[in-house]
Amino acid sequence: MSVLVKRTIPIAIVFLTALLFLCEFFITIPGIDFKSTATIVNNWGIILTAFTLGFGAVNLFIFHGRHISRRTKGQWPFSLWLLIVIILFTVVGVSTGASSSQYTWLYNSSYFALSATVYSSLGFYMTSGIYRALRAKNIESGLLLIVGFIVLARNAPAIAAGFPPIIPWAAWLSAVPTTSAQRGIMIGAALGALALGIRTMIGRETGFLGKLTEAEKGG
Amino acid sequence: MGKESKTIWDRLEDIPREVLYGILIITFIMPMLFPIGFPVPISPEVQRWYNFIDNLPAGSAIMIDFGYSGGGEPELGPMAVAVYHHIFRKGGLKAITMSTSIEGTLLWDKAMAEINPAQYGRQYGVDYIHIGYITGTETAMAAVGKSIRATTTTDYHGASLDSFPIMNGIDNAGDFSLLICYTTGGDQSEGWVRQWYTTYQTPYLCAVLAMMVPTMLPYQKAGQIVSLVSGAQAGQMELLVGKPARGIKSADVITMTHILCLVLVVVGNIAYFGKKFSGGKK
């Protein structure tokens, strides 16, 4: 494929789309309706995202179908199970409706229960982790121990009720050190995202275009 | 090499995980079977959330995002249910819900079955509605903020939005007095700040998983979120609303498991220093 198709046209589309949204947010020009154009493009984005969900399902079928046909050791039974579950949910959902009692039962009895169980199992790892990690082995871990102890005590409703001074201590830890550190991280990440956005917009960042040769990357 | 005998400090410093897991299971099952009724103080954030809804004038529209997944339902579900009880009991409010999570519609059905809006005389399409799962996360938030009808013309059952009285005069973010988001994802909780608060200054109440609170705190401190709560505080909301349920039951479990963690931390440190001062550790 030519450089025009693989690089220039996609970058032009990204540039124009980004420019439209920048203009819609920052600029008002009498007679030019950026808002309704941006609304249309936004809706294209939603349709494209919905399309990628379907595309993802097709890709799963191709990928796991290959494992099943090749009987990949240690993998193919799981691939088969995955495809059976996808087909089952799709058939029940399409034939009875996504809010039908049949589909809701299927979801509640399988995915919901499993999902909640897997998430809940984190509690076991966290308990074991807290016990092993919060040890005052040096000054840094001693500080972590004190902070962890206060926050743990604050988050237990009965302890906070029985020992109210813990509430302002934990509130200070949240409001000052935690928020300050989090703000630093967020501002750093936002500046990085801004730089990445500008580089993508002007075609200096080509990662989203897939694998390109040096000639296709241009300069 | 001979096997060295373990001292009491060695054993306490390295309790096998199987034992820890066993103690934890007993600690959280007991208060579920036999509720203790520990006191639950109301935190300022939960009180602020409650007051904000309580002070909304009649006719106000609320956009609610059911943006959590099944894994987070045990934590965020009770909070969502308690807040709906408050909205329905107060009356005169329009609760318009959408989902940025693909499981959101199913979890909303689950919540509605638990709430039973009919007990307050509330009707679907008149007092509350669900406009469905809208893909794209931030793109969806931005699109709905500009125009709901340009994004979707039906509710999640496929009926035309214009056939519901609740949707009269409601189409974009400017028509809403409040935004509420329950989510297990940072994309959603932060996305609403960017797409609705920044653009339209819509007051925003946000409920997230407890572990997500530190990442969202800067937004609350900057005034972009009216109140930020974790799902673990659902018991407090249930007390305020006068509908004690799953949240208040889990408050006992939270207290017991946190006390267990504190005891384990103390035991671990006593063992560490005991071993150190008895010459077993350099």
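In the text below, chain A, chain B and the rest are named by the order of the sequence lines, each starting its count at 1. Just so you know, these numbers use all the heavy atoms, side chains as well, and skip hydrogens, waters and symmetry mates. Source: prediction; values computed, not measured.
Residues B:F66 and B:E103 have side chains not in contact (no heavy-atom distance under 4.5 Å, counting atoms from C-beta outward). Residues B:M79 and B:V229 meet the side-chain proximity criterion, which asks for heavy atoms closer than 4.5 Å.
Neither the backbone nor the side chain of B:I42 comes within less than 4.5 Å of any heavy atom in chain A. Both the backbone and the side chain of A:A153 come within less than 4.5 Å of a heavy atom in chain B. Of the atoms belonging to B:L107, it is side-chain heavy atoms, and not backbone ones, that fall under 4.5 Å from chain A. Heavy atoms of B:I134 lying under 4.5 Å from chain A belong exclusively to its side chain. For A:L53, the part lying under 4.5 angstrom from a heavy atom of chain B is the side chain only. Contacts between A:A113 and chain B at a heavy-atom distance below 4.5 Å are absent for every atom of the residue. With a 4.5 Å cut-off on non-hydrogen atoms, B:I15 touches chain A through its backbone and its side chain both. Neither the backbone nor the side chain of B:Q236 comes within less than 4.5 Å of any heavy atom in chain A. For B:N269, the parts lying under 4.5 angstrom from a heavy atom of chain A are both the backbone and the side chain. Looking at B:M141, there are no atoms closer than 4.5 Å to chain A (heavy atoms on both sides), in backbone or side chain. For B:T215, the parts lying near chain A are the backbone and the side chain together; criterion is any non-hydrogen pair under 4.5 Å. With a 4.5 Å cut-off on non-hydrogen atoms, B:D14 touches chain A through its backbone and its side chain both. Both the backbone and the side chain of B:P39 come within contact range of chain A, with heavy atoms under 4.5 Å apart.
Heavy-atom pairs under 4.5 Å with chain A were tallied for B:L262, B:V40, B:I259; the largest tally goes to B:L262. Your options are A:T179, A:T49, A:I46, and the one with the most heavy-atom pairs under 4.5 Å with chain B is A:I46. Ranking A:A50, A:G123, A:G45 against chain B, the residue ahead of the rest is A:A50, based on heavy-atom pairs under 4.5 Å. Of the residues considered (A:L134, A:L145, A:N43), A:N43 shows the highest number of contacts with chain B, using heavy-atom pairs under 4.5 Å. Per-residue heavy-atom pair counts under 4.5 Å with chain A were compared for B:S147, B:S69, B:A142, and the maximum is reached by B:A142. Contacts with chain B were tallied for A:A156, A:G97, A:P157, A:S99; A:P157 has the most, counting heavy-atom pairs under 4.5 Å. Residue with the most contacts toward chain A among B:V265, B:L217, B:L106: B:L106 (heavy-atom pairs, distance under 4.5 Å).
Checked by atom type, the side-chain pair A:N138/A:S141 shows a donor-acceptor distance below 3.5 Å.
The backbone N or O of B:G67 sits less than 3.5 Å from a side-chain atom of B:T183, completing a donor-acceptor pair. Side chain of B:D65 to backbone of B:T100: a donor-acceptor contact under 3.5 angstrom is found.
Figure legend: cation-pi geometry between B:K146 and B:Y200 absent, as NZ or CZ is not positioned both under 6.0 Å from the six-membered ring centre and within 45° of its axis.
Taking the six-membered ring where the residue is Trp, the centroids of B:Y128 and B:Y124 are separated by under 6.0 Å. Under the 6.0 Å cut-off for aromatic ring centres, A:Y103 and A:F89 qualify, their centroids lying closer than that.
For B:T154, the side-chain hydrogen bond (donor to acceptor under 3.5 Å, both in side chains) criterion is met by no residue, not counting sequence neighbours.
Taking the six-membered ring where tryptophan is involved, the planes of A:F124 and B:F28 are perpendicular, since the angle between them exceeds 60° and thus also 30°.
Electrostatic pairing of B:R246 and B:E238 does not count as a salt bridge here, judged by no charged N lying under 4.0 Å from a carboxylate O.
Pairs passing the ring pair (Phe, Tyr, Trp, His ring centres under 6.0 Å) check and including a residue from residues 149-169 of chain A, sequence neighbours excluded, read A:F163-A:W169.
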